[in-house]
**Student:** 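My questions will all concern the structure given below.
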Amino acid sequence: MYKRGKNLGKGFLKKCAAGFLAVVLFVQCGLYTQAAQVNIDAPSAILIEASTGKVVFEQDADSKRSPASITKIMTLLLIFETLEDGKIKLSDDVMTSAYAKSMGGSQVFLEEGETQTLDTMIKCIAVASGNDASVAVAEHIAGSEAEFVEKMNAKAKELGMNNTHFVDCCGLTDSDDHYTTARDVAIMSRELTTRYPQIFDYTQIWMEDITHVTAQGSSVFTLSSTNKLLRQYEWATGLKTGSTSKAKFCLSATASKDGVDLIAVVMAAPDPKARFQDAVTLLNCGFNVCNIFVDKNETAVGNMEVRGGVEKSVPLCYEGEFRFVDIDGNDLGKIEKIVHLPEYVQAPVSKGQVAGEAVYFLNGKAVGSVPILFDGEVEKAKYIDYLKEGLLYFLL
């Protein structure tokens, strides 16, 4: 339901009443169950709804643990961020150094001096968890793995991953200084998948051939996904597996069903089967309990009166859509939207400046808000502007 705030001007209301109709979408995710009843084998786990970051379930989510290859989620995040900045391109040739070739563990057997496009290298990382490919790309972006790891730690700090520290870019290390938490893995997983949804073009690949071309000739190597959920779980979309003797079995699993996007992080599971089964248990729980309210805010807000400006009014717009996730079985049809705006604004006005807000209430409690912005600029009127206005008044 939509309501108007008490501080709206009457003139403004007449102009904008039609523009305040909310466009509401409900995504019903099944019958409500208690998320707290979930039983899993892994000691640390968390389940979040991706679009809002709403925590649906958590268990020992802040204990520091070795992440193994789910480290590569941060590596992939920095790759896509660097692509977005225009500093690299998917068509770039990435050369494999002797150091990158020397990586053990999961690898795609790149040879020293071998080049592959960045696009292919991303497949090697996202699909086959290639440690050699990860290091080769890290060197391509930052000059050295050490420099790239500094960027990883800086990004972790920026994202509020307060219990994370990286030592390498692939998770191969057993160093006690290389650690993260289930919650922090969820944070970087959400950042990667919501900012760069094109990652799913890679993480949903089950098998794909690449060609090694070296001085000794060429050969075909088949990339095979380490994420068995792609074949075991209908709604799986990614994201990354990891395992070492220290980390045991880890997984950040993404899935999408009926417009609901979830991220389930499992750390230190006792075996591969438990890792995937725990993820399925968490994802099923999420799809069962999550109800999502979406107000797309696509309708026009209207105009606000401007005083002391060269224009008499300025258009308004919503900053974006509003999303709210409920896991308590509430009737989201009872959500009320109340718009708070002053009657007028004093010039000057800058585009993008906050004019007010739309606040959403459920059962009398505020559950979120969306800023309302000025969608134009109005300069402060000068003496000559008032003179022109006066002349026009008499002439007309």
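Computed from a predicted structure; not experimentally measured.
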**Student:** Is the ring centre of Phe324 less than 6.0 Å from the ring centre of Tyr360?
**Tutor:**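 Centroid distance Phe324-Tyr360: not below 6.0 Å, so no.
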
**Student:** Check which hydrophobic residues are tied to Leu373 through side-chain heavy-atom contacts below 4.5 Å, counting indirect links as well, and list them.
**Tutor:**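 Members other than Leu373 - counting any ILVMFWY side chain reachable under 4.5 Å - are Val354.
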
**Student:** Okay, side chain of Asp92, backbone of Lys89: is any donor-acceptor separation there less than 3.5 Å?
**Tutor:**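 Here the side-chain-to-backbone pair exists.
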
**Student:** Partners of Phe148 by ring-ring contact (aromatic ring centres under 6.0 Å, His included), sequence neighbours excluded?
**Tutor:**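 If we apply the ring-ring contact (aromatic ring centres under 6.0 Å, His included) test to Phe148, skipping adjacent residues, there are no hits.
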
**Student:** So, the side chain of Asp119 versus the backbone of Leu90: is there a donor-acceptor pair under 3.5 Å, distance only?
**Tutor:**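 No, because the side chain of Asp119 does not come within donor-acceptor range (under 3.5 Å) of the backbone of Leu90.
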
**Student:** Where is the tightest heavy-atom contact between Leu223 and Ala128, given as atom of each residue plus distance?
**Tutor:**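 Residues Leu223 and Ala128, closest heavy atoms: CD2-CB, 3.9 Å.
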
**Student:** Do Arg275 side-chain atoms and Ala42 backbone N/O form a donor-acceptor pair below 3.5 Å?
**Tutor:**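 No, Arg275 side chain to Ala42 backbone: no donor-acceptor pair under 3.5 Å.
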
**Student:** Determine whether the side chains of Ser256 and Thr237 contain a donor N or O and an acceptor N or O closer than 3.5 Å.
**Tutor:**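 On atom types as modelled, these side chains do not qualify, holding no pair under 3.5 Å.
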
**Student:** Are Ile70 and Ile122 grouped together when hydrophobic residues (ILVMFWY) are joined by side-chain heavy atoms under 4.5 angstrom apart?
**Tutor:**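 Yes; Ile122 is reachable from Ile70 via cluster members.
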
**Student:** Say whether, by atom type as modelled, one donor and one acceptor occur between the side chain of Asp278 and the main chain of Asp41 under 3.5 angstrom.
**Tutor:**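 The answer is yes, because a donor-acceptor pair under 3.5 Å joins these two groups.
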
**Student:** Any donor-acceptor pair under 3.5 Å linking the side-chain atoms of Thr214 with those of Glu111?
**Tutor:**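 Glu111 vs Thr214: no donor-acceptor pair found between side chains.
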
**Student:** His212 side chain to Ser219 main-chain N or O, any donor-acceptor pair under 3.5 Å?
**Tutor:**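 Flag not set: sc His212 to bb Ser219 has no pair under 3.5 Å.
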
**Student:** Please determine if Glu81 and Arg195 form a salt bridge, counting it only when a charged side-chain N lies under 4.0 Å from a carboxylate O.
**Tutor:**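 Looking at Arg195 together with Glu81, the answer is yes, because their closest N to O distance falls below 4.0 Å.
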
**Student:** I need the full list of salt bridge (Lys or Arg N to Asp or Glu O under 4.0 Å) pairs touching residues 63-77, with sequence neighbours left out, sorted by first then second residue.
**Tutor:**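 Listed by first then second residue: Asp60-Arg65.
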
**Student:** Say whether Thr241 and Thr226, considering side chains only, have a donor N or O and an acceptor N or O under 3.5 Å apart.
**Tutor:**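 Yes, Thr226 and Thr241 have a side-chain donor paired with an acceptor closer than 3.5 Å.
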
**Student:** Are the side chain of Arg190 and the backbone N or O of Ala50 linked by a donor-acceptor pair below 3.5 Å?
**Tutor:**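 Between the backbone of Ala50 and the side chain of Arg190 there is a qualifying donor-acceptor contact (under 3.5 Å).
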
**Student:** Taking atom types as modelled and ignoring hydrogens, do the side chains of Asn163 and Thr181 form a donor-acceptor contact shorter than 3.5 angstrom?
**Tutor:**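 No.
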
**Student:** Is Asp326 salt-bridged to Lys54, cutoff N-O under 4.0 Å?
**Tutor:**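 Between Lys54 and Asp326 there is no salt bridge, as every charged N stays at least 4.0 Å from the carboxylate O atoms.
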
**Student:** Among side-chain atoms of Ser129 and Lys240, is any donor-acceptor pair under 3.5 angstrom?
**Tutor:**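 Looking only at side-chain atoms, Lys240 and Ser129 do form a donor-acceptor pair, the distance falling under 3.5 Å.
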
**Student:** Please check if the side chain of Ser350 supplies one atom and the backbone of Gln353 the other of a donor-acceptor pair under 3.5 Å.
**Tutor:**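 No; judged by distance alone, with no hydrogens or angles, the pair does not exist.
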
**Student:** Start with the C-alpha gap between Ser189 and Ser252, add the side-chain angles, then the distance that decides, and say whether side chain to side chain donor-acceptor pair (under 3.5 Å) holds.
**Tutor:** CA-CA 7 Å; Ser189 298; Ser252 179; 2.8 Å; yes

**Student:** Parallel, tilted or perpendicular: which one describes the rings of Tyr233 and Trp235, with boundaries at 30° and 60°?
**Tutor:**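 The rings of Tyr233 and Trp235 stand perpendicular, inter-plane angle above 60°.
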
**Student:** Can you establish whether the number of heavy atoms outside Glu321 located under 6.0 Å from its atom CD is more than 12?
**Tutor:**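 Yes, the 6.0 Å shell around CD holds more than 12 heavy atoms from other groups.
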
